[in-house]
Every structure is written in C-alpha cells, then in structure tokens.
Amino acid sequence: MRTELQRPRGTQDVLPPESWKVEGLRQVALTVARRYGFEPVETPIFEQSAVFLRVGEHTDIVQHERYTFRDAGGVELTLRPEGTAAVARAYVENGLQAWPKPVRLCYFGPMFRRERPQAGRFRQHTQFGAELYGSESPLADAEVILLALAVVEAAGLADPEVRVNSIGCERCRPRYREALVGYFAARREALCPDCQVRLERNPLRLLDCKVDVAVRAEAPDLADYWCDDCRAHFAAVEAAVASAGRRVERDPHLVRGLDYYTRTVFEVGHPSLGAGVALFGGGRYDGLVASLDGPTVPAVGFGMGIERLLGALGDRLAVTAPTPLYVGHLPGYAEEAFRLAEWLRNQGVAAESDLLGRSVRAQLKDAARRTRWAVLVGGREWEAGQVVVRDLGQGTQAPWPKERLLEWEGVAAARLAVGVPWAEPKAAPDLR
Ligand code: HAM
C-alpha cells in the first residue's frame, strides 16, 4: 500500500548517478539539435486547458488522462500532456510567424498523463521534442526524423526501427475514412469495445488497435487513397531519409494517437523495448497553429521519451558521475583546506573538503569511497609551500609544490570529469 507521503503512482525519483544520465542525454540532445539549427524554447508546465482541448478532441491523453485543476482564482489549468500544442500556442502568442522561416525549436522537460503505469509508461515522463514551422517541404519531415535518429545514435543506441506512413490530407483523407468505416462497420461484431466507439468518433484509430489485429489486416490501405500531392510528398520523405543512409519502412497501420497530424507520421522503436513501445514519434501538423487562432503555418516535429531512451540504452550509456578531488587536512588546517577547495573550484576543478570535523584517517576513508584523488593540507609540507598528493586507489602519496598543483594528474582528472558524454560527431562518409 502506498502511504500518503510516498510519491504518486507512476512517478519516479531520479537519484545520482542515474540523474547524471538524464543530464547527459539533455546535453547530447541539445548539442545535436543545435547542429540542425534547433534552438531551445521553454513553455510553462501548465497551460489553460483550452490549449490542449482545442487540439485533442478525440485524443485519449486530452480526454481521459489530463491532470486538470482550478487554481484559487478559478482558472482551469492542465499540466501539459505533450509539448506540441504548448509550443504552437507560444508560437502564436509571441508572433513567431514574423521570424525568418523556417523556425526550429526544441524542448526537454516533463509531461503529465494519467495513464495506467506499466513498463516504460509513467504518469510523469520526460520528452525531448523538436518542432519545425514554416516549411511544407518533405525535406523538413526528413530533417526532423534525421535529427531524432542522430540524437538516439549520439546517445549510443544502434539499430532504431523507423516506421513511417502518411495519413493524407483533408482532400484525400475523407474518402479513405469513408472506405474504412464501411469496412469496419461490416465487421462491427468482431471489434473490441474501444474500437466500437472509435468507429463513430475517430475511425483512423481503428488501424492501430492492439486487439483487433486480425480484423484490420484486410482493411483498405491508405496508400490506395492518397491524392497525387500526398503520394509525391510521402515518396520524397522516404527518399530523403534513405539518402542519408537510414532505413525506413512504411507501416500502413501507423496513424498515431493525436488528432492534429496531416500527411507524414512516424514512430521509432527498438528491439530492446518490445513491440508497440515507441522511443519517439511525431509527424506533420499543418493545421494545428491555425486551430490555435494563429496563421496557417505548416509544421512538423517529434517527441522522444527520455525514460524509454534510458531504458533502451541500459549500461551502454557512458555517463559517469564526476570524480571530485578530495581536499583533506591535518588537525588545525580545516580553514586552509576549505579555502584551497574553493580556489580549485574557481579554476574549474571539482573539489570537496571535510565538513564534519573528522580525523585525517576518517576523511581519507570517506574520500576513498567517493573518488580516487586527494590532496592533504597541513603540517611541515604546507608551511614549506607544498601539499601531499595522494592516489587513493593505489594508496601512494608524495609531496607536491602548491603553485604547480594544477599540473598534478588528480587535479586534471577532476577537471575533465564533467560527468556527461559529449556527442562526438561521427566520421562522415564521402560527400558525393
Ligand atoms: P507521443 O507519441 O504521445 O507524441 O509521445 C512522444 C514520445 O514520448 C513517445 O514516443 C514515448 O517515447 C514518450 N512517451 C509518451 N507517453 C509516455 C509515458 N506515459 N511514459 C513514458 N514515455 C512516454 C507526442 O507527445 C507529440 N507531441 C510528438 C510530436 C511532436 N508530434 C509532433 N511534434
């Protein structure tokens, strides 16, 4: 039983060293995004509910899974279940349509959905997302897919499985919807209770039902209903992604759970996550900005689940906690050690000194549990302008001149160990 003082169901406490991994992924994501020209944007964690209601009439996360409350002033607010509607709201509110096109924005932060918690599904999860506004070009769709793949790869994950589809546009989709409703209505008895409702409200979602797999297998294919423009657009997206050496596969049943998509939709999984669990997903949404009372602006983007990326990476994520330099002291020299630690931090070195009034022995015992390198302050050496440098791993030590302290290898290690991987660019194939 969960007591009232435990964290809410479906949420997590992220402690070190795991928390360093999250920080590492944030830096990897933002660094790679910057290479593609995406700049970070921050929006509030809550919005007025209308922002999400406007874009998600038939969407589970908006209809049934919202964390909604009224504040003391009676305003109805919703913890954001996703970033796309919030960033589009910010785009309209701040007049970003006046910025040079395309506008490329990205974000990294918590999302809230009252889903049934299970492996890889939380009530608070973290998304890295990217949104590109102002281009209808299939190259824009390809660019965001390639960005997401580059982030996954820079984090250390190989072999993502990319599935893409096009759900058409408002010209060709109604014809398809009609055919689909006809097909499923004739098989209504065989449908699960959820799909019986979907048939009335949002028939496209019948395609990605995890229960009615057999019924949908013979359903009409979207591709047979695409208009010429949608067909050409989809072919160009596939070709552009493939030209970058990435394998993509068309999944005729991929439709995604959010209402705002037009044309391209995509989802990426990984063998370590199991079928139906997406690492990231997204697509094109040319009508969303207008539905928030903004101008008509074509847009495309994705959201990536950071907890899922962490899960898929497992031990492959090479992030280590920083290894600080321990500044120990002999009796009577606590203040000198305190000052030396601060001096080192000002030189960019991670340093710690004793805050518990411990003996030298106790200080070093504690230090050995946390790091490999220590300097000792005090005694004859200190008065002669030296410290004692100590390798806690080897148990060796030697005097070292104070003014050359920054040259000692233990200091160098504490300076380098920022604790996050730096996404090294991969070796580029020849440019043809
Ligand atoms: P989404 O597919 O709902 O799309 O979520 C994006 C990603 O967030 C998923 O692929 C998954 O990795 C992660 N995720 C979603 N829900 C959970 C959960 N309960 N627990 C853990 N991870 C989760 C969107 O949110 C769209 N805003 C994506 C987008 C951006 N489309 C266009 N631009």
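Since this is a predicted model, take the numbers as computed values, not measurements. Ligands are counted one by one from 1 in listed order, and the atoms in each one are counted from 1 as well. These numbers come from the heavy atoms of this one structure, side chains and all, not from hydrogens, waters or symmetry mates.
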Does D224 have more than 12 heavy atoms from other residues, nucleotides or ligands lying within 6.0 Å of its CG? yes

Provide, to 0.1 Å, the distance between atom 12 (O) of ligand 1 and the closest protein heavy atom, together with that atom's residue and name. A278 O, 2.8 Å

Starting from atom 32 (C) of ligand 1, which protein heavy atom do you reach first, and at what distance in Å? G301 O, 3.2 Å

Side chains of T262 and Y285, donor plus acceptor under 3.5 Å: no

I need the atoms of ligand 1 closer than 4.0 Å to a non-hydrogen atom of G282, numbered in the order shown. 31 (N)

Within reach of ligand 1, part of M111 (heavy-atom separation under 4.0 Å): neither

Would the number of heavy atoms belonging to other residues, nucleotides or ligands and lying under 6.0 Å from CG of D159 be above 12? no

I would like to know whether W373 and Y326 meet ring-ring contact (aromatic ring centres under 6.0 Å, His included); could you show each step before the answer? CA-CA 6 Å; W373 311 102; Y326 192 84; over 10 Å; no

Heavy-atom nearest neighbour in the protein, as seen from atom 8 (O) of ligand 1, with distance rounded to 0.1 Å: Q127 NE2, 3.3 Å

Top protein contact for atom 6 (C) of ligand 1, by heavy-atom distance: G303 O, 3.3 Å

Salt bridge present between R54 and D293 (N-O < 4.0 angstrom): yes

When only distance counts, is A130 in polar contact with ligand 1, meaning an N/O pair under 3.5 Å? no

Would you say the ring centroid of F280 lies under 6.0 angstrom from that of F128? no

Over 12 non-hydrogen atoms of neighbours within 6.0 angstrom of CH2 in W343: yes

Indicate yes or no: does R171 engage D229 in a salt bridge with an N to O separation below 4.0 Å. yes

Which option out of R113, E307, R80, E82 puts a heavy atom nearest to atom 3 (O) of ligand 1? R113

Would you tell me whether Y183 and E218 have side-chain atoms, one donor and one acceptor, within less than 3.5 Å of each other? no

Atom 23 (C) of ligand 1: nearest protein contact (heavy atom, Å): H125 CD2, 3.4 Å

Please list the nearest protein heavy atom to atom 33 (N) of ligand 1 with its residue and the distance rounded to 0.1 Å. E131 OE1, 2.8 Å

Taking both backbone and side-chain atoms of E115, is any N or O found less than 3.5 Å from an N or O belonging to ligand 1? yes

G120 heavy atoms, cut-off 4.0 Å: which ligand 1 atoms fall inside? 20 (N), 21 (C), 22 (N)

Do any N or O atoms from the side chain of R198 and from the backbone of N202 form a donor-acceptor pair under 3.5 angstrom? no

Is the number of heavy atoms from other residues, nucleotides or ligands within 6.0 Å of CZ (R2) greater than 12? yes

Numbering as shown, the atoms of ligand 1 that approach Y260 to under 4.0 Å (heavy-atom distance): 26 (C), 27 (N), 31 (N)

Polar proximity ligand 1 side, M304 side, N/O cut 3.5 Å exclusive: no

Record the part of F112 in heavy-atom contact with ligand 1 below 4.0 Å; permitted values are side chain, backbone, both and neither. neither

Has R372 got a side-chain atom pairing as donor or acceptor with D391's backbone, closer than 3.5 angstrom? no

The protein heavy atom nearest to atom 4 (O) of ligand 1 is R256 NH2, 2.9 Å

Here the atoms of ligand 1 under 4.0 Å from any heavy atom belonging to F302 are 28 (C), 29 (C), 30 (C), 32 (C), 33 (N)

Of all the non-hydrogen atoms in the protein, which one sits nearest to atom 29 (C) of ligand 1, and at what distance? T84 OG1, 3.3 Å

Measuring from atom 31 (N) of ligand 1, which candidate in Y261, F280, F122 has the nearest non-hydrogen atom? Y261

